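Every value quoted in this text rests on a predicted model; they were computed, and no experiment measured them. Read the numbers this way: they start at 1 and go in the same order the structure lists the ligands and their atoms.
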Amino acid sequence: MPANPHTAPSPQAHQAENRAIEALYADVVRRNRGETEFHQAVHEVLETLAPVLARRPELADARIVERVCEPERQLMFRVPWTDDAGAIHVNRGFRVEFSSALGPYKGGLRFHPSVDLGIVKFLGFEQIFKNALTGLSIGGGKGGSDFDPKGRSDAEIMRFCQSFMTELYRHIGEHTDVPAGDIGVGGREIGYLFGQYKRITNRHESGVLTGKGLGWGGARVRTEATGYGCVLFTEEMLRARGESLDGCRVVVSGSGNVAVYAIEKAQQLGATVLTCSDSSGYVVDEKGIDLDLLKEVKEVRRGRIAEYAELRGAHVRFVAAGAEGSSVWSVPCDVALPCATQNELTETDAVALVRGGVKAVAEGANMPTTPEAVRVFQEAGVAFGPGKAANAGGVATSALEMQQNASRDSWTFARTEERLAGIMRHIHESCATTAERYGRPGNYVVGANIAGFELVADAMLAQGLV
Ligand code: NDP
């Protein structure tokens, strides 16, 4: 008989579970050597789970935590390709199929030189709980390659994508594993990957990839969804404190897919967005980011952020990466949205943000805030929305794309955006009520981890030892 989740466990039960979790984490580190980002992601979830295991011993008995930390399947493969000069390159491809407890594996592909197994596993692990939080039937997975798309021609990108898919195709499928984009993988790459999948399999299986073009199976709002969702989640956190984004000064990092549409939605809700960045530096635009110009520079020309500063005018400050005071987080603001990459917001940055008066921080990127920085925000009473919850709008809209593909239907922008807003409200609500149920009101990290974990754990229990 499962324990009543509303009954508080004894302090002894808590201590025993804490010890068990520490041992389990030590085991994860031992068995996945050198995968530091994966260790960090696992630690961040495990350190919040002791109260759940203390209340629900049947989850410990079934070794749910051990099982969820071990991917169901990990694939690594060679990706050979030729550049425009005819020179041969060899990259490594990855797909980690982490959990199918709730549905087909679902998660993006990242093309970036920093990609290795540990990065893909951290992203895949996060994805399990994020996908659960959406309330839609999707499992967790992630993939990518250490290929660097920067400076490559369209033809080179196409040849790389075709080679990558020539191996990946045998592992994916609309009912098995459904990849999407991430850093370095946008609409162009999804197009080349889909074309090759179709050619090899002789199937127009729209639901095998999401993030497709609107004319060939893509969903409206998918491009905007992660950034929009992150801002909608922020608005919910502020609303819970009787505030709103209207009139707020917002600092955003990154200038890719997530950042651009976070800026767009924040502006629509009445905020002034002061910054954006890329790996070469950041810009501060006190008049508010000119979104049309930013899209022209980053999406059309595929240029660098310094070009935005040059074209926008003398009032804009460009600060090169590595320069003194080169953190975008040194700019005082009410709301901070890290939308670039993992571990980009450190303890020092968090202290600067708190000093500058920040009220809310929401992670558009995956794990952009270091654990030390998260603690600074929580101790200062800043509303902190972890990526699992705050950036789940992208994958949720991918699931809506799969739904439209399955029914050969295409929804309007307004209908899809309404669904996205409803999903983000639902995620906020379930994080907030779960945190409260476990005696940690306002702690969205605890709420997101436990709410996501319980959904996955219950499905695993029901499905037996697989
Ligand atoms: P993009 O490739 O579109 O943009 C990434 C942005 O982050 C670029 O501005 C890039 O600058 C910057 N960046 C990347 N790596 C670094 C680095 N090491 N240092 C400094 N800046 C860096 O990716 P997305 O916008 O899609 O993804 C951004 C984040 O959001 C990632 O963490 C991703 O996992 C997460 N995410 C994305 C989702 C999506 O739907 N796209 C869904 C959920 C989460 P530069 O061009 O100079 O490299």
Side-chain angles (χ1 to χ4, degrees), residues 37 41 106-115 119-120 122-127 130-131 133-134 138 140 142-144 147-152 179-190 210-211 218-219 221-230 233 252-264 275-283 294-295 297-299 301-308 320-322 326-329 337-346 362-369 385-399 401 420 424:
E37 289 84 1
K106 180 91 197 83
L109 298 170
R110 176 177 292 190
F111 292 170
H112 192 272
S114 65
V115 167
I119 298 258
V120 177
F122 119 62
L123 291 164
F125 186 73
E126 290 269 302
Q127 199 81 47
K130 178 191 309 191
N131 293 5
L133 284 172
T134 66
I138 38 179
K142 200 83 187 188
F147 170 69
D148 187 357
K150 267 201 206 94
R152 291 292 172 194
D182 192 79
I183 290 179
V185 179
R188 172 180 59 169
E189 292 74 19
I190 294 291
T210 58
V221 192
R222 175 59 191 92
T223 306
E224 295 84 354
T226 308
Y228 276 23
C230 177
F233 190 89
V252 170
S253 67
S255 51
N257 172 259
V258 179
V260 163
Y261 292 98
I263 295 171
E264 185 163 288
T275 66
C276 58
S277 68
D278 63 20
S279 54
S280 63
Y282 69 94
V283 293
L294 180 65
K295 286 183 181 175
V297 170
K298 297 303 290 193
E299 293 183 349
R301 302 182 190 196
R302 297 185 188 271
R304 309 305 294 155
I305 204 65
E307 287 171 49
Y308 172 91
S326 70
S327 171
V328 69
W329 311 118
L337 304 176
C339 296
T341 194
Q342 64 272 1
N343 292 327
E344 56 162 313
L345 198 166
T346 65
E363 295 185 321
N366 284 313
M367 210 169 74
T369 318
K388 274 183 212 80
N391 71 38
V395 75
T397 310
S398 276
E401 183 173 333
L420 170 65
M424 296 315 296

May I ask you to list the atoms of ligand 1 that are less than 4.0 angstrom from any heavy atom of [X]?
X	answer
Asn391	43 (C), 44 (C)
Ser279	11 (O), 19 (N), 20 (C), 21 (N), 45 (P), 47 (O), 48 (O)
Arg110	31 (C), 32 (O), 33 (C), 34 (O)
Ala365	29 (C), 30 (O), 32 (O), 35 (C)
Ser255	9 (O)
Arg222	40 (O)
His112	15 (N)

Protein heavy atom at shortest distance from [atom]:
atom	answer
atom 34 (O) of ligand 1	Asp182 OD1, 2.6 Å
atom 38 (C) of ligand 1	Thr226 OG1, 3.7 Å
atom 27 (O) of ligand 1	Ile183 CG1, 3.6 Å
atom 41 (N) of ligand 1	Asn257 OD1, 3.4 Å
atom 4 (O) of ligand 1	Gly256 CA, 3.2 Å

- Item | Lys298 NZ to Arg304 CZ distance, which is reported to the nearest 0.5 Å |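 So the gap between those two atoms works out to 4.5 Å.
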Do [X] and [Y] have side chains that get closer than 4.5 Å, going by heavy atoms?
X	Y	answer
Thr275	Ser253	no
Val328	Val283	no
Lys106	Thr210	yes
Lys142	Phe122	no
Glu126	Asn391	no
Glu224	Leu420	no

Ligand 1-proximal atoms of [X], by part, heavy-atom distance under 4.0 Å:
X	value
Ser277	backbone
Glu344	neither
Lys388	neither
Ala225	neither

Quick one: which of [options] has a heavy atom closest to [atom]?
atom	options	result
atom 18 (N) of ligand 1	Asn366, Thr210, Thr341, Thr397	Thr341
atom 31 (C) of ligand 1	Cys339, Ala340, Gly107	Ala340
atom 48 (O) of ligand 1	Lys150, Arg304, Lys298	Lys150

Using a 3.5 Å cut-off on N or O atoms only, is [X] in polar contact with ligand 1?
X	answer
Gln342	no
Lys130	no
Gly184	yes
Asp278	no
Val258	yes

- Query: Does Phe233 have any ring-ring contact (aromatic ring centres under 6.0 Å, His included) partners at least two apart in sequence or in another chain, and if so, which?
  - Reply: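 For Phe233 the ring-ring contact (aromatic ring centres under 6.0 Å, His included) partners, ignoring immediate neighbours, are His428, Tyr444.
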Does [Y] offer a backbone N or O that forms a donor-acceptor pair with the side chain of [X] under 3.5 Å?
X	Y	answer
Glu363	Thr369	yes
Arg222	Gly394	yes
Asp278	Ile305	yes
Asn257	Thr223	yes

- Query: Is at least one protein non-hydrogen atom found at under 4.0 angstrom from atom 10 (C) of ligand 1?
  - Reply: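 For atom 10 (C) of ligand 1 the answer is no, since every protein heavy atom stays at 4.0 Å or beyond.
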- Heavy-atom pair of closest approach, residues Gly393 and Ala225: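 Smallest heavy-atom distance, with atoms named: O-CB, 3.5 Å.
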- Closest non-hydrogen atom pair between Ala362 and Ala390, with its separation: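 The pair with the smallest heavy-atom distance is CB-CB, 4.1 Å.
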- Task: Check step by step if side chain to side chain contact (heavy atoms under 4.5 Å, CB included) holds for Phe111 and Lys150.
- Result: CA-CA 10 Å; Phe111 292 170; Lys150 267 201 206 94; over 6 Å; no
